[in-house]
S.K.: 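Can you keep this structure in mind? I'll have questions shortly.
Because the structure is a prediction, the values reported are computed rather than measured. Within every chain, numbering begins at 1; the chains are lettered A, B, ... in the order of the sequence lines, protein sequences first and strands thereafter.
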Protein chains: 2
Amino acid sequence: MPRTLTDPTADRAAAFATDAAADGLTVSLIGSCVATLTGRSQRDLAAGVRTLLWKPDDTVVVHGASGRDPDAWASGGPVTVDAADGLTVACDGGHTAGALRVRFDAVHTATAFDAAGADATTVSGTEAALKDRVLDTPDLVEPGFQPLATERDTPAGPIDIYGRDADGTVTAVELKNVRAGPAAASQLQRYVAALRRTLHADATVRGILVAPAVTAKTRRLLADRGLTFSPVSPPGSRDR
Amino acid sequence: MPRTLTDPTADRAAAFATDAAADGLTVSLIGSCVATLTGRSQRDLAAGVRTLLWKPDDTVVVHGASGRDPDAWASGGPVTVDAADGLTVACDGGHTAGALRVRFDAVHTATAFDAAGADATTVSGTEAALKDRVLDTPDLVEPGFQPLATERDTPAGPIDIYGRDADGTVTAVELKNVRAGPAAASQLQRYVAALRRTLHADATVRGILVAPAVTAKTRRLLADRGLTFSPVSPPGSRDR
DNA sequence: GCCTAGGTCCCGTCT
DNA sequence: AGACGGGGCCTAGGC
C-alpha cells in the first residue's frame with residue numbers, strides 16, 4: 001500500500017508528492033534541506049538532514065535532530081511543490097504565522113501512505129475529570145462545601161464551580177489539574193472581586209483554588225489575598 | 001548513507017532501530033500501530049497508520065493524520081525496543097509526563113539517517129527585538145519616555161523596561177510581541193502594585209503595555225486599572 | 001534543582 | 001470569524 005522512492009530526482013519527487021497529496025495520502029520526505037520562514041518572526045534553518053511530513057490536512061512539519069517540536073512548520077495552506085531548483089515545498093501559514101519554504105538539495109527517501117485510523121484518541125485526567133470528581137465528592141474541597149453551579153458567569157469570566165461553604169458563605173472555586181502558578185491566583189482573585197461587586201455590598205465571598213499543588217509564590221499570593229488552597233488531584237493520577 | 005527497510009519483520013525492524021540508535025542516527029518508522037500513555041493523564045491511540053520518529057536525543061514523537069503536534073510523544077528516555085508481540089517502542093517520560101508504549105502490528109518502512117547539521121537556526125522578530133527597538137527609540141512608547149533599566153527586579157518578578165515618563169513619573173513597561181491578552185494586563189498590574197509598595201508610600205507609578213495590539217477585554221482591564229496601552233510592533237514585522 | 005516567562009505556542013470551544 | 005483558556009504544553013533562562 002505505501003509507496004516509496006529512494007534517491008529520486010527533484011522532478012520525480014515533486015510529481016510523487018503532488019500525486020500522493022491529491023490522493024489524500026501523507027507524504028514523508030527525508031533528505032538534506034534548508035528552510036526559511038518569513039512573517040512576523042523570521043526563522044532560517046541551515047542545511048541539514050531532516051524529515052518533512054506533509055499531512056492530508058495540509059499541515060507541513062519539519063523535524064530536526066532533537067526536541068518534541070518541529071524545527072519549522074506551517075498550516076493553513078495551500079501547499080505548493082516546485083522542482084525548479086531542487087525540490088521546494090512551500091506553504092503559507094496565514095497572517096499571524098508566515099510563509100514556510102523548504103528546499104531539498106537531496107531527497108534520500110520519499111514515502112507516501114494512507115494514515116487510516118490515525119485519529120481516535122481517548123483522554124482522561126483533564127480538568128474536566130477533576131471537576132467531575134469535585135462535583136461527585138464536594139467534601140474534597142473542604143468539609144461542608146456545596147456546589148450550586150458550574151461555569152457561573154461573572155464580569156470577570158466564568159467561575160469553574162460556584163457554591164457555599166459549611167457556614168453558607170458564597171464561595172468561588174477555581175480548578176487546575178496541574179500545579180497552579182500565580183496566574184491561577186489572580187484569576188481566582190478577579191472572580192472573587194467580581195462576585196463582591198455583583199452581590200449586595202456587604203456580602204462576604206470566599207475563593208478556593210483546587211489543584212494537585214501550588215508553587216510557593218502562589219501560596220503566598222493566595223494568603224495575602226485571603227484566598228484558600230485545597231489540594232485535590234484529578235482521578236486516576238498516580239499521586240491520588 | 002541512509003538505510004531503508006521495506007515491510008520488515010518485527011525482529012528485523014527491532015534490530016535495525018536498535019543498531020541505528022546506537023550509531024546516533026534518527027529512526028523513522030511508518031506503519032500501523034497503537035499507542036498508550038500512562039501517567040497523570042491517560043491517553044490511548046486506536047490502531048492507525050502513523051509515523052514514529054526516534055531522534056538521537058531519545059525524543060520519540062508519533063505523528064498522525066493531522067495537526068502540528070504529535071499524537072503522542074515521550075522524552076527523558078531511555079528508549080527500549082522489543083519484538084515479542086510486534087515491534088514495540090517504549091519510553092518513560094518522567095514523573096509529570098508518563099510512560100509511552102507504541103506497538104506496531106506492521107512496519108511498512110523503516111529508515112535510519114544521520115540528521116547532520118539539523119540544528120542551526122537564526123531568529124528575529126521576537127520580544128527581544130521589540131525591546132531593542134523600544135530602547136533605541138523610546139518615543140515609540142510615548143513622547144518623552146526615558147528607559148532607566150531592563151529586567152528590573154520586583155517582588156512580583158522582573159519588569160521588562162523600567163523608566164520615567166515625560167513628567168518624571170516612575171513607569172513600568174511590559175512588552176508583548178504579539179496581540180496581548182488579559183494575562184499581560186494582570187502581569188503589568190502586579191508589577192505596578194509591587195513598585196508602589198517598594199517605593200515610598202505616596203509614589204505615583206504608571207504602567208504601559210507595549211504590544212502590536214490588545215484584545216478588547218484587555219483594553220477594558222487596562223482602562224479600569226489606570227494602565228496605558230501603546231501600540232508598537234516588533235521590527236521587520238509586516239504590520240510595521 | 002525548581003520556577004518563571006515566552007511562543008509562528010497549538011488546539012478546543014464558545015460567542 | 002475572533003477570542004479566551006487549557007496543555008503530558010515545550011523550551012530557554014534565572015536563581
S.K.: Could you give the distance separating D/dC10 and D/dG6 at their C1' atoms, to the nearest angstrom?
M.R.: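 Roughly 15 Å separates the two C1' atoms.
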S.K.: Once side-chain contact (heavy atoms from CB on, under 4.5 Å) is applied, do any residues pair with A/Asp132, and if so which ones, sequence neighbours excluded?
M.R.: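 Result, side-chain contact (heavy atoms from CB on, under 4.5 Å) vs A/Asp132: none returned.
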S.K.: Check this one for me: any side-chain N or O of A/Trp73 less than 4.0 Å away from OP1 or OP2 of C/dC10?
M.R.: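 So the side chain of A/Trp73 is within the cut-off, an N or O lying under 4.0 Å from OP1 or OP2 of C/dC10.
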S.K.: Can you tell me how far apart SG (B/Cys91) and CH2 (B/Trp73) are? Round to the nearest 0.5 Å.
M.R.: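 With rounding to 0.5 Å, SG (B/Cys91) is 12.5 Å from CH2 (B/Trp73).
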S.K.: Between atom CZ in B/Arg179 and atom P in D/dA1, what is the gap in whole Å?
M.R.: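 Atom-to-atom, B/Arg179 to D/dA1, this comes out as 15 Å.
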S.K.: Taking atom C1' of C/dG12 as reference, at what distance in whole Å does atom CD of A/Glu127 sit?
M.R.: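 That distance rounds to 13 Å.
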S.K.: Counting only side-chain N and O atoms of A/Lys176, is one of them less than 4.0 Å from OP1 or OP2 of D/dG6?
M.R.: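 It does, given that an N or O in the side chain of A/Lys176 lies less than 4.0 Å from OP1 or OP2 of D/dG6.
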S.K.: Listed by chain and number, what are the side-chain contact (heavy atoms from CB on, under 4.5 Å) partners of B/Ala185, not counting sequence neighbours?
M.R.: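 Per chain and number, B/Ala185 pairs via side-chain contact (heavy atoms from CB on, under 4.5 Å) with B/Thr218, B/Leu221, B/Leu222.
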S.K.: Going from OG1 on B/Thr150 to CG on B/Leu175, what distance comes out if it is rounded to the nearest 0.5 angstrom?
M.R.: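 One gets 10.0 Å once the value is rounded to the nearest 0.5 Å.
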S.K.: With rounding to the nearest 0.5 Å, note down the distance linking CD in B/Gln189 to CG in B/Asp224.
M.R.: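 Spacing of CD (B/Gln189) from CG (B/Asp224) equals 10.5 Å.
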S.K.: Please give, in whole Å, the distance from C/dG12 C1' to B/Asp71 CG?
M.R.: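 Whole-Å distance recorded here is 15 Å.
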S.K.: Atom NZ of A/Lys131 and atom P of C/dT13: how far apart are they, to the nearest Å?
M.R.: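 Distance, rounded to whole Å: 13 Å.
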S.K.: Which residue pairs pass the side-chain hydrogen bond (donor to acceptor under 3.5 Å, both in side chains) test with at least one member in residues 27-37 of chain B, sequence neighbours excluded?
M.R.: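 Counting only pairs at least two positions apart or across chains, the side-chain hydrogen bond (donor to acceptor under 3.5 Å, both in side chains) contacts touching residues 27-37 of chain B are B/Ser32-B/Asp105.
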S.K.: Would you measure the distance from the P atom in C/dT8 across to the matching atom in C/dT4 and give it in whole Å?
M.R.: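 Here C/dT8 and C/dT4 have their P atoms 22 Å from each other.
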S.K.: Send over the distance from B/Asp153 CG to C/dC3 C1', rounded to a whole Å.
M.R.: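 Going from B/Asp153 (CG) to C/dC3 (C1'), I get 13 Å.
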S.K.: Can you tell me how far C1' of D/dG5 sits from CG of B/Leu221, to the nearest Å?
M.R.: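 Rounding to the nearest Å, CG of B/Leu221 and C1' of D/dG5 are 14 Å apart.
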S.K.: For the CD atom on B/Glu151, are there more than 12 heavy atoms of other groups (residues, nucleotides or ligands in this structure) within a distance under 6.0 Å?
M.R.: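 Yes, enclosed.
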S.K.: Which part of the nucleic acid, if any, lies within contact of B/Tyr191, taking any heavy atom under 4.0 Å across all strands shown: a base, the sugar-phosphate backbone alone, or nothing?
M.R.: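 Touches sugar-phosphate only.
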S.K.: Consider the side chain of A/Arg43, meaning its heavy atoms from C-beta on, and name the nucleotide among C/dC9, C/dG6, C/dT8 that approaches it most closely.
M.R.: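 The answer is C/dT8.
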S.K.: Rounding to an integer number of angstrom, what distance separates C/dG6 and D/dG8 when you compare their P atoms?
M.R.: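 Comparing P positions in C/dG6 and D/dG8 gives a spacing of 22 Å.
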S.K.: Name all residues meeting the side-chain contact (heavy atoms from CB on, under 4.5 Å) criterion together with A/Leu148; count only those two or more places apart in sequence or in a different chain, and write none if there are none.
M.R.: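 In terms of side-chain contact (heavy atoms from CB on, under 4.5 Å), with neighbours along the sequence ignored, A/Leu148 is linked to A/Tyr162, A/Arg164.
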S.K.: With sequence neighbours excluded, what pairs up with B/Arg206 under the salt bridge (charged side-chain N to carboxylate O under 4.0 Å, His left out) test?
M.R.: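 If we apply the salt bridge (charged side-chain N to carboxylate O under 4.0 Å, His left out) test to B/Arg206, skipping adjacent residues, the hits are B/Glu142, B/Asp165.
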S.K.: Heavy atoms under 4.0 Å, any strand shown: does A/Ala72 hit a base, just sugar-phosphate, or nothing?
M.R.: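 Result for A/Ala72 = base.
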S.K.: Describe the nucleic acid contact of A/Glu174 in one word from base, sugar-phosphate, nothing, applying a heavy-atom distance below 4.0 Å.
M.R.: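 Here A/Glu174 touches the backbone only, sparing every base.
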S.K.: Check salt bridge (charged side-chain N to carboxylate O under 4.0 Å, His left out) between A/Asp69 and all other residues, then give those that pass, not counting sequence neighbours.
M.R.: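 B/Arg68.
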S.K.: Sequence neighbours left out, what passes salt bridge (charged side-chain N to carboxylate O under 4.0 Å, His left out) with B/Asp160? Give chain and number order.
M.R.: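 Salt bridge (charged side-chain N to carboxylate O under 4.0 Å, His left out) check on B/Asp160 returns nothing, list empty.
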S.K.: For B/Asp92 and D/dG8, what is the distance between atoms CG and P respectively, to the nearest whole Å?
M.R.: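 Whole-Å distance recorded here is 17 Å.
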S.K.: If each of B/Gln187 and A/Val214 is mapped to the nucleotide of DNA chain C with the nearest heavy atom, which maps nearer the 5' terminus, i.e. the 5' end?
M.R.: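 Upstream on the strand: A/Val214.
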S.K.: Using a 4.0 Å cut-off on heavy atoms, which residues in residues 28-36 of chain A reach DNA chain C? List them by number, or say none.
M.R.: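 Within this stretch, nothing sits under 4.0 Å of the strand.
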S.K.: Determine the stems involving DNA chain D; a stem requires 3 or more consecutive pairs of the Watson-Crick or G-U wobble kind, each with both distances below 3.5 Å, and the answer is none if no such run exists.
M.R.: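 DNA chain D stems, ordered by first number: C:1-7 with D:9-15, C:9-15 with D:1-7.
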S.K.: Please name all residues satisfying salt bridge (charged side-chain N to carboxylate O under 4.0 Å, His left out) with B/Lys176, sequence neighbours left out, ordered by chain then number.
M.R.: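 B/Glu174.
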S.K.: Taking side-chain contact (heavy atoms from CB on, under 4.5 Å) as the definition, give me every residue that meets it alongside B/Ala90, ordered by chain and number, with sequence neighbours left out.
M.R.: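 Applying side-chain contact (heavy atoms from CB on, under 4.5 Å) to B/Ala90 gives B/Thr80, B/Arg101.
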S.K.: Show each protein N/O and nucleotides 11-15 of chain D N/O combination with a separation under 3.5 Å, one pair to a line.
M.R.:
{"residue": "D/dT11", "atom": "OP1", "partner": "A/Arg68", "partner atom": "N", "Å": "2.9"}

S.K.: Tell me which of A/Leu100 and B/Arg190 sits closer to the 5' end of DNA chain C, going by the nucleotide each one is nearest to.
M.R.: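 Going by which nucleotide is closer to the 5' end, it is B/Arg190.
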S.K.: Given C/dG7, is OP1 or OP2 found less than 4.0 Å from the side-chain N or O atoms of B/Asn177?
M.R.: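 Affirmative; the distance criterion is met.
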S.K.: Does B/Thr126 have a side-chain nitrogen or oxygen under 4.0 Å from the phosphate oxygens OP1 or OP2 of C/dG6?
M.R.: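 Checking C/dG6 against B/Thr126, no side-chain N or O comes under 4.0 Å of OP1 or OP2.
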S.K.: How many Å lie between CD1 on A/Ile159 and P on D/dC4, as a whole number?
M.R.: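 So the two atoms are 18 Å apart, to the nearest Å.
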